Amino acid sequence: MYTVPKLEDYSQHALDRAVVDLLAALDSETRELRTDSDWKTFRDRWMARKNGVLTQVNDTWLKAAPSPAKRDVGRRVNELKTRVEAAIEEAHGKIHASSADARLASERLDITLPGIHRPIGVKHPVLRVMDEIVAVFKAMGYSVGEGPEVETDYYNFESLNFPPNHPARDTQDTLFIAGQEQKPARDRLMLRTHTSPVQIRTMEVQPPPVRIVIPGKVHRNDPLDATHSPVFHQVEGLAVDTNITFCDLKGTLDHAMKALFGSSVKTRFYPSFFPFTEPSADMQVSCIFCGGQGCRKCKFSGWIELLGCGMVDPNVFEFVKHNGYDSSKISGFAFGMGVERIALLKYEVESIQLFYEGDVRFLEQFA
Ligand code: PHE
């Protein structure tokens, strides 16, 4: 480490040498500096008022100089002071810059790397089809209603003209809530087997005219197979007004099927039975796979059965007569369709179970 020497004499030569040695030491010390604290130690070593190198130079060279040399030594000492200050300043700048460089380097980030792919969820195909069906009827001026999934015998059956113990009840294998034997039959709870109870619930609170669609979940004690599930979805429809005819029913459903399956699809109405409609029909659409030619899917008939419908039975209006439903003045039609059944056809899905298994490989196809 450099220490300030005493000058042996004050000749130009001796002064030059002393100055050269000091500057060489200054230079080599600046090159050793790495950190901010190195720099502070260095700065204090050279600049400290008490015993810093410059102070020593001042004391040992200038103060000790004989009068004739004072002027020259003073000039050199001043020059040294300027050089030292400049060196300290420059070293500070370098250290600062290199630590900023280090920080930038450590924060370096490769923006060309591929990002983390987060797949975005979409609506389940069953809900999507349900929304689509509802939208078709909304466009025709229908409103949308809902009702409870746990229903009473009264709404699910009795008020829909299924009298107690009537064999028509057997067509809908029902899941009953246990332990209700003490209750009157009509108050006993069950999982609704269809969305039709919401017809009555709607008419109880809204006098005619009514045009409503009711999407919802229903339950039946059916074993799971390729086309049946104990839990499935329906969209119910009800229109009540003066002068509603079977023609209105046919025209409305024909339009809805064309909106759902494309304008080339045909509909036909086949006699059927439901206790709450009279007359009743099963509506069939021309096979969407073969266009009506006959194929395996339509069992070579050219037609696929899709929904139940009919004119509201006057016996049903009897249950809501107090709210303006007088069957001598008004009439109406109703229909109910299975959402999964339509989704199976629309997307050509092999088995209804695929809708409930939650297999992402299946569901991804609808994204
Ligand atoms: N509720 C009937 C069913 O689930 C369908 C239906 C609704 C039939 C409305 C006629 C009128 O099978």
Side-chain angles (χ1 to χ4, degrees), residues 126 130 133-134 136-137 142 144-149 151-162 166-175 190-203 210-222 227-241 244-246 248-254 256-257 267-285 304-317 319-320 325 327 331-343 352:
V126 169
M130 189 151 90
I133 297 166
V134 167
V136 166
F137 288 94
Y142 282 66
V144 184
E146 277 182 331
E149 286 172 30
E151 194 48 284
T152 60
D153 183 281
Y154 176 76
Y155 286 109
N156 197 82
F157 288 129
E158 197 180 327
S159 64
L160 289 167
N161 200 31
F162 292 80
H166 193 280
R169 292 182 174 223
D170 292 347
T171 62
Q172 303 192 350
D173 279 324
T174 309
L175 293 158
M190 63 187 67
L191 302 182
R192 68 177 177 190
T193 57
H194 51 177
T195 42
S196 301
V198 193
Q199 290 187 30
I200 298 289
R201 288 185 174 276
T202 302
M203 291 190 283
V210 164
R211 278 171 185 75
I212 193 167
V213 279
I214 302 129
K217 192 180 281 174
V218 300
H219 300 76
R220 288 191 199 177
N221 190 18
D222 285 336
T227 55
H228 292 86
S229 157
V231 185
F232 61 105
H233 299 80
Q234 289 187 332
V235 176
E236 189 83 10
L238 174 70
V240 183
D241 205 337
I244 298 250
T245 68
F246 201 89
D248 298 315
L249 168 60
K250 289 181 81 172
T252 302
L253 288 179
D254 188 73
M257 294 307 123
T267 54
R268 75 174 184 184
F269 293 77
Y270 212 77
S272 183
F273 174 79
F274 300 100
F276 43 97
T277 47
E278 184 60 35
S280 302
D282 283 329
M283 190 209 68
Q284 305 176 344
V285 290
I304 290 179
E305 204 176 287
L306 210 56
L307 58 83
C309 58
M311 301 306 290
V312 179
D313 193 303
N315 288 348
V316 171
F317 286 140
F319 287 93
V320 284
Y325 291 86
S327 59
S331 57
F333 64 75
F335 56 84
M337 57 186 99
V339 179
E340 281 82 349
R341 185 155 170 69
I342 292 175
I352 198 172

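Counting starts at 1 for both ligands and their atoms, in listed order. Quick note: numbers below take in every heavy atom, side chains included, and nothing from hydrogens, waters or symmetry partners. Remember, it's a predicted structure, so these values are computed and weren't measured experimentally.
Side-chain atoms of Leu160 and Phe274, non-hydrogen and from C-beta on, never get closer than 4.5 Å to each other. Val285 has its side chain within reach of Ile304: a pair of non-hydrogen atoms, C-beta onward, lies under 4.5 Å apart.
Protein residues with a heavy atom under 4.0 Å from ligand 1 are Gln172, His194, Ser196, Gln199, Arg220, Gln234, Glu236, Phe274, Phe276, Thr277, Gly308, Cys309, Ala334, Phe335, Gly336.
Judged by distance alone, the side chain of Arg192 and the main-chain N or O of Lys217 form a donor-acceptor pair under 3.5 Å.
Every residue meeting the side-chain contact (heavy atoms from CB on, under 4.5 Å) condition with Asn161, not counting sequence neighbours, appears here in chain and number order: Pro275, Asp313, Asn315, Val316.
Figure legend: cation-pi geometry between Arg201 and Tyr155, with NZ or CZ positioned under 6.0 Å from the six-membered ring centre and within 45° of its axis.
A distance below 6.0 Å separates the ring centres of Phe276 and His194.
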